[in-house]
Trainee: 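Once you've had a glance at the structure underneath, I'll fire off some questions.
Labels below follow one simple rule: chain letters A, B, ... track the order of the sequence lines, proteins then strands, and each chain is numbered from 1.
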Number of protein chains: 2
Amino acid sequence: MVSPRRPTLADVAQEVGVSAKTVSRVLNGNGPTSESTRERVLEAVGRLGFQLNPMAQSIRSGGPDTTVGLVIPDLANPFFGSVASGIEATVRDHGLTLVMGSSGDDPERETDLTRSFLARRVSALMVVPSVGADHSHLKRHLAQGLPVVFIDRPGHGLPTDTVVSSNRKGAREGTAHLIAHGHRRIGFIGDLPRGLYTRRERQAGYRAALAEAGIPYDRALVGEAHDEHGAAKALARLLALQSPPTAVVSGNNVMTLGAMAELGRSGEPVAVVAIDDVPMAELLTPALTVVAQDPVTIGREAGATALRRLAGDRSRPRTVVVQNRLIQRGSGERRSAADQELPA
Amino acid sequence: MVSPRRPTLADVAQEVGVSAKTVSRVLNGNGPTSESTRERVLEAVGRLGFQLNPMAQSIRSGGPDTTVGLVIPDLANPFFGSVASGIEATVRDHGLTLVMGSSGDDPERETDLTRSFLARRVSALMVVPSVGADHSHLKRHLAQGLPVVFIDRPGHGLPTDTVVSSNRKGAREGTAHLIAHGHRRIGFIGDLPRGLYTRRERQAGYRAALAEAGIPYDRALVGEAHDEHGAAKALARLLALQSPPTAVVSGNNVMTLGAMAELGRSGEPVAVVAIDDVPMAELLTPALTVVAQDPVTIGREAGATALRRLAGDRSRPRTVVVQNRLIQRGSGERRSAADQELPA
DNA sequence: TTGAAAGCGCTAACAC
DNA sequence: GTGTTAGCGCTTTCAA
């Protein structure tokens, strides 16, 4: 048996004995239709398992496709996965589907992805922009009213909506927490590239907290890395200093994994405040104090922003700042592991 | 200034002074073209920033769209995020783009998503099937040669390719590890619904290990939950038993978070083997032994399977089993926390 | 090597 | 309330 091809509008029309346009009217709920045709059409549609082809719709109508393009650095990173889930949950109810790609923080791949999404006529574009990415090709689309939202990091020189975390404030509070617990030599492990917005902001927050406490900034206490392994090495270097830090701020979830692994190996009693929450932080010894981001809310805000634009909002581009939250779990305590070695 | 609409093939053709078909031939690299036209066309394409509209291509050619539809339960779950990243990395090089949706393990949402992806004429469909989902509407598409791959769990009664973890074997090895370390009362925390393939397989592996060791299966030692909080409560119940378990197998990453949190609160010296790796497992006290899954490989295998089918492979459906790996990190040791209370 | 015409699945614009 | 025609952006088919 030859399997029949997917039914078309014309097939349904023929089946019912009406014109294609009538079926279209029934399915799209525009234009008037008599109750009886409606019923007969819907019956045939159900029987044939017909569905309108959204691509053909979008081509003919000249409007955008019912998709939202999303470019993130890495799908496997739970932070971005949560962002994506927040976006999806928000736009889903409006009939929009997510089209996604990972840039790997490579500006070229990012541009390829945005171009390909634009060629697909996405309804909106959401991008976690890579350092050095060129967004000039977005200008014309912005001018035509395409909603573009930059996520987690601002874009460069384009008047777009943006959703970011309160990076600087969060890092400042996290660092202040360590200072409040008596630490004066506090390290920072940042990710790379150094020009990355979140890296800069967080390190700025770290420095601000030091400055407020009158603690001089010591460049030697700043480590940086591309990945978990590098973060471990960076921390090892700090620990090997003449005068090593008694506490460390780790710049994101990946840095945290490397730093904690190294601390576990070294056994050094170094307090850690992590930016971005990680699972089971409260179960570590000492429990890990974190500056939790809220990636799902970031995604939801990004989705809501795009939907507002699609609904006709032409106001000036806005930047939404999703607040980070300091969760004290005890790793701010001074030399907690060392305490155990002292007599009570 | 009115922003010009996106250029079309005809625009490029007019610009160069050739027919649309010629531009099409140049861009698609089919049909013969003279070197000089080629160059002039490409110049104009670059200057106008023209890109072929893949939706129009797919409509006219009758072929599938250059997208792959992916339905997963939850984008925010790092396991599925990693699966997605493996898929994307594999299909990307073949010009395919990921279209994704979260089902929330709701069979209806899953069906809605697959239907909408099919209406979009995706090149392939990948689904983490929910319990109770109806896949009968996929039959006709399978017959027409659409690659359908079920991921993490087999589908129901359809001859499709499938990629799963070695769930039963992994759970058996994890449980055997606990037995080898002297445990005889071993609990199991499974996720819900009970009929979920991975839950059944893992629990079966757990029972198999018990049976091999001649340990009777005690239903009272099996807890189950929907989420992290529920897992904590389920474990609390086991701990409150007359004769509580000395070790526990946790059925997936979410169950592990809840179980570990509860253990942290209770302070009970219970050994844990977790199915699915979690970050910083080696930093917990005692370090968490895990049966690590390999979600990225699962995704890659799923992608490769679909690509083979698209390349014309018509052989019988295959099931790829991605091997789990027991990573011993010490939490199998008997009552390790209790040891610390004993004099050396 | 190139082009003209027709048409994919659908809807806009108009007619009746 | 319904149908007809034309045409979206592209490729197929055929002819030159």
Side-chain angles (χ1 to χ4, degrees), chain A residues 4-42 44-45 48-66 95 115-116 118-123 144, chain B residues 4-42 44-45 48-67 95 115-116 118-122 144:
Chain A
R5 66 172 193 3
R6 226 185 138 72
T8 72
L9 205 56
D11 295 329
V12 179
Q14 186 174 9
E15 190 82 6
V16 183
V18 294
S19 77
K21 180 66 211 182
T22 298
V23 179
S24 167
R25 278 196 267 253
V26 168
L27 260 30
N28 288 295
N30 51 12
T33 48
S34 80
E35 185 55 30
S36 77
T37 12
R38 237 184 71 80
E39 277 173 17
R40 275 155 52 225
V41 165
L42 291 178
V45 163
L48 298 179
F50 173 77
Q51 280 190 281
L52 286 167
N53 182 333
M55 301 195 297
Q57 288 186 290
S58 123
I59 285 189
R60 172 58 237 202
S61 69
D65 188 20
T66 55
R115 295 194 99 93
S116 112
L118 291 169
R120 278 188 179 286
R121 313 231 39 191
V122 291
S123 292
Q144 287 178 47
Chain B
R5 66 173 193 359
R6 225 184 141 74
T8 73
L9 204 56
D11 296 330
V12 179
Q14 185 174 9
E15 189 81 7
V16 183
V18 294
S19 78
K21 179 65 219 187
T22 299
V23 180
S24 168
R25 276 195 269 255
V26 170
L27 259 30
N28 289 296
N30 52 10
T33 48
S34 80
E35 186 56 31
S36 78
T37 12
R38 238 185 70 80
E39 279 174 15
R40 276 158 48 227
V41 165
L42 291 179
V45 163
L48 298 180
F50 173 76
Q51 279 191 282
L52 286 166
N53 182 334
M55 301 195 298
Q57 287 186 289
S58 127
I59 283 188
R60 171 58 238 204
S61 69
D65 187 21
T66 55
T67 51
R115 294 194 100 95
S116 113
L118 292 168
R120 276 188 181 287
R121 312 230 40 190
V122 291
Q144 288 179 46

Trainee: Does Arg60(B) make a side-chain donor-acceptor contact with the base of dG7(C), cut-off 3.5 Å?
Mentor: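 It does, because a donor-acceptor pair links the side chain of Arg60(B) to the base of dG7(C) below 3.5 Å.
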Trainee: In whole Å, what is the span from the CE atom of Met55(B) to the P atom of dC10(D)?
Mentor: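 Taking atom P of dC10(D) as the reference, CE of Met55(B) is at 10 Å.
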Trainee: Report which part of the nucleic acid Gln51(A) touches: base, sugar-phosphate, or nothing (heavy-atom distance under 4.0 Å, all strands).
Mentor: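 Contact class for Gln51(A): sugar-phosphate only.
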Trainee: Should Thr37(B) and Val16(B) count as side-chain neighbours, where that means a heavy-atom distance under 4.5 Å?
Mentor: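 No, every pair of side-chain atoms sits at 4.5 Å or beyond.
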Trainee: Can you tell which of dT11(C), dC10(D), dT2(D) lies closest to the side chain of Thr33(A)?
Mentor: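 Of the candidates, dT2(D) comes closest.
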Trainee: Using atom CZ of Arg120(B) as one end and atom P of dG9(C) as the other, report the distance to the nearest whole Å.
Mentor: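 Spelled out: CZ on Arg120(B) to P on dG9(C) is 17 Å.
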Trainee: Short question: side chain of Ser61(A), backbone of Gln57(A) - any donor-acceptor pair under 3.5 Å?
Mentor: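 Checking the backbone N and O of Gln57(A) against the side chain of Ser61(A), a donor-acceptor pair under 3.5 Å is found.
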Trainee: Quick one: which of dT1(C), dG1(D), dC10(D) gets closest to the side chain of Thr37(B)?
Mentor: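 Nearest nucleotide to the side chain: dT1(C).
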Trainee: Once you round it to whole Å, what is the distance between P of dA5(C) and CG of Leu9(B)?
Mentor: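 Interatomic distance, CG of Leu9(B) to P of dA5(C): 17 Å.
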Trainee: Base, sugar-phosphate, or nothing for Ser58(B), non-hydrogen atoms under 4.0 angstrom?
Mentor: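 If one applies the 4.0 Å heavy-atom cut-off, Ser58(B) turns out to touch nothing in the nucleic acid.
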Trainee: Looking at Gln57(A), I'd like to know whether one of its side-chain N or O atoms comes within less than 4.0 Å of OP1 or OP2 on dT11(C).
Mentor: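 Answer yes for this pair, as a side-chain N or O of Gln57(A) is under 4.0 Å from OP1 or OP2.
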Trainee: Are the side chains of Arg120(A) and Asp65(B) in touch, meaning some heavy atoms are under 4.5 Å apart?
Mentor: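 In short, these two side chains touch, coming nearer than 4.5 Å.
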Trainee: For the residue pair Thr66(A) and Pro54(A), what are the closest heavy atoms and their distance?
Mentor: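 Residues Thr66(A) and Pro54(A), closest heavy atoms: OG1-CB, 4.3 Å.
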Trainee: dC8(C), dT2(C), dT2(D): which one has an atom nearest the side-chain heavy atoms of Ile59(B)?
Mentor: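 Taking heavy atoms from C-beta onward, the closest nucleotide is dC8(C).
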Trainee: Can you pull out the residues from residues 11-30 of chain B that lie within a 4.0 Å heavy-atom distance of DNA chain C?
Mentor: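 Within residues 11-30 of chain B, the residues near DNA chain C are Val18(B), Ser19(B), Lys21(B), Thr22(B), Arg25(B).
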Trainee: Can you tell me how far apart CG (Leu118(A)) and CG (Asn53(B)) are? Round to the nearest 0.5 Å.
Mentor: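 The CG atom of Leu118(A) sits 11.5 Å away from the CG atom of Asn53(B).
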Trainee: Counting only heavy atoms not in Gln14(A), do more than 12 sit closer than 6.0 Å to its CD atom?
Mentor: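 No, because the 6.0 Å sphere around CD of Gln14(A) holds 12 heavy atoms or fewer from other groups.
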Trainee: Roughly how many Å is it from CG in Asn53(A) to C1' in dC10(D), rounded to a whole number?
Mentor: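 The answer, rounded to whole Å, is 14 Å.
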Trainee: Would you kindly give the CZ-to-C1' distance between Arg6(B) and dC10(D), to the nearest whole Å?
Mentor: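 Atom-to-atom, Arg6(B) to dC10(D), this comes out as 14 Å.
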Trainee: Within a strict 4.5 Å, meaning less than it, do heavy atoms of the Arg25(B) and Val41(B) side chains meet?
Mentor: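 No, too far: nothing below the 4.5 Å cut-off.
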